[in-house]
Protein chains: 2
Amino acid sequence: MRTEDIKGMNGLASKEKFIISEIRDLINAKNFEPGEKLPSERLLAEKLNVTRGSIRNAIQKLEQYGLLKSMPQSGTFVSDLERTALNGMIDQILTLPTPDFKSLVETRIFLELKIVKFAAARHTEEDMAEIEQAQLNYRTKTLAGEDSVAEDLLFHLAIAKASHNASLQRLMLSITPQIITNFEKYHVCKNNTAISAIEEHEEVVKAIRTKRPELAEVKMKDHFSVLYQYCYET
Amino acid sequence: MRTEDIKGMNGLASKEKFIISEIRDLINAKNFEPGEKLPSERLLAEKLNVTRGSIRNAIQKLEQYGLLKSMPQSGTFVSDLERTALNGMIDQILTLPTPDFKSLVETRIFLELKIVKFAAARHTEEDMAEIEQAQLNYRTKTLAGEDSVAEDLLFHLAIAKASHNASLQRLMLSITPQIITNFEKYHVCKNNTAISAIEEHEEVVKAIRTKRPELAEVKMKDHFSVLYQYCYET
DNA sequence: ATGACCAGATTGGTTAACCAGTTATTCTCC
DNA sequence: GGAGAATAACTGGTTAACCAATCTGGTCAT
């Protein structure tokens, strides 16, 4: 059995993939009931001829997806899912490809259009203050002719926070940096559009402040128009 | 310095929070440039009076969000983000609350309505076969009067895969199990609605097969109507 | 002066021993 | 024979020593 250390398509080392699939097979072979206890890490390590650390990594991965739950000094338990569901999820996790840039941008736009609607509907006074402060920072930095990518990011994150949906906020946090760090590479963000972005931002702010979700979405869409074209017209 | 082991609001142990915030402070104090190398794990551990393992955990967390990047036998580097952006992101990560059930459901519906549109537009023959097989499984299991929560989940995951957007698929994978495992607790999924769900599913399948994104979205929305009411009418 | 090169220090990653709880077992006493 | 307590075995988590790749600084031949 080769266990190369090269990273796979979805960021999982192939050794980790192997272990995860073995755990899946074990769950199937033994007809595990939901909530049942997995064999101990040591036993699994011995059975699969890998180190215990590798087992722990694999378990941690599946724990991130909510499929397993480790209890200190007690054991690792499969979550309350049917075995067939567990199987399907693990299969998808194993074959999940690394998102390409277009997928990321597509997802980001889509997330933000919803987030800004929620923000317009649910924001508090403090949220509004933070958004406006972020926009002020972006404005001054941009007008000074300096690079304002960071301030732009913070503006959008402030809106995400104001959406009062922790789940959406987290998704936003997890996909944004990947996009930002690839921006230059893909030449998506033109510097000369930064000035006009100030006004676009302020239109969004105005719509949020006046609590008009639909308008906020439209204005955000305008702001994303360049990115949008990149996604759907190439 | 208290370092309780109790999990914080966002699933981060307070010790981890402390370390992450210290790392942030360090990056600020030393005016780190994008891409610069962080002090070694040993040095950080000594400086913060914690074990090296704790440092490694914190770094791993920030790596998940794409803010740091560990290079074997070389060092840990901050990603190519402005320091202000780094700061804002870390602050949000530290204060991110655990998503409540309503946030999760809200997000799931929203994701699926987009996913089904993409699936209708982009699915391949294999995708379609998998979706229809999943639906068949759901149908037979439900008609047999057995519990079909797992088959329902797999049906929706098959559609997510057919969206051909790895980013969306991953988001879907990461929020679904949390919802499923809380279903019973919140009594959202009534057993007696399962039969009618068969037809709703098949309407969705039909819309996907005939490549009508808008219709697919409508049909999916119908399918989620009960959940939707739970979200927005309580 | 310059470039190739080598040894030692430093790095993140890995391993194995250890720890504090939990759980199963056995032994005792009624 | 059965309930309760002591105990041994086992659990995931933690720690410290170890590893191999890498980086650094100086040295030496050119």
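In this text the structure is predicted, and so the values were computed from the model without any measurement. Numbers restart at 1 for each chain; the letters A, B, ... are given by sequence-line order, proteins then strands.
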Looking at A:Gln73 and C:dG21, is any side-chain donor or acceptor paired with a base atom of the opposite kind under 3.5 Å?
no

What is the distance, to the nearest angstrom, from the NZ atom on B:Lys69 to the C1' atom on C:dG12?
12 Å

Could you tell me the separation between the CD atom of B:Glu41 and the P atom of C:dG13, rounded to a whole number of Å?
6 Å

Roughly how many Å is it from CD in A:Glu46 to C1' in D:dC10, rounded to a whole number?
14 Å

Classify A:Ser54 by what it touches in the nucleic acid, base, sugar-phosphate, or nothing, heavy-atom distance under 4.0 Å.
nothing

For A:Gly53, report the nucleic acid contact type (base, sugar-phosphate, nothing); a contact means any heavy atom under 4.0 Å.
nothing

Output field: ring centroids B:His156/B:Phe224 closer than 6.0 Å:
yes

Could you tell me whether the phosphate oxygens of C:dT11, OP1 or OP2, come under 4.0 Å of any side-chain nitrogen or oxygen in B:Thr76?
no

Any ion pair linking A:Arg56 and A:Glu41 (charged N to carboxylate O, less than 4.0 Å)?
yes

Any N or O donor-acceptor pair under 3.5 Å from the base of D:dG12 to the side chain of A:Arg56?
no

For the side chain of A:Lys37, starting at C-beta, report the closest nucleotide among D:dG13, D:dT11, C:dG13.
D:dT11

In terms of relative ring orientation, are A:His201 and A:Phe155 parallel, tilted or perpendicular, with 30° and 60° separating the classes?
parallel

Checking B:Glu63 side chain against B:Ser70 main chain: does a donor-acceptor pair fall under 3.5 Å?
yes

Should we say atom CD of B:Gln64 is surrounded by more than 12 heavy atoms from elsewhere, each under 6.0 Å from it?
yes

What integer distance in Å separates A:Lys15:NZ from C:dT15:C1'?
11 Å

Nearest-Å distance for atom pair CD1/P, residues B:Ile55 and D:dT14
14 Å

Is any side-chain N or O of A:Thr51 closer than 4.0 Å to OP1 or OP2 of C:dT15?
yes

How long is the line joining CD of A:Gln60 and C1' of C:dG13, in whole Å?
15 Å

Comparing nearest nucleotides in DNA chain D, the 5'-proximal residue of the pair B:Asn57, B:Arg42 is B:Asn57

Whole-Å distance between C:dT10 P and B:Leu43 CG?
11 Å

First encountered from the 5' end of DNA chain C, between A:Arg52 and A:Ser74:
A:Arg52

OP1 or OP2 of C:dT10 sitting under 4.0 Å from any side-chain N/O of B:Ser40?
no

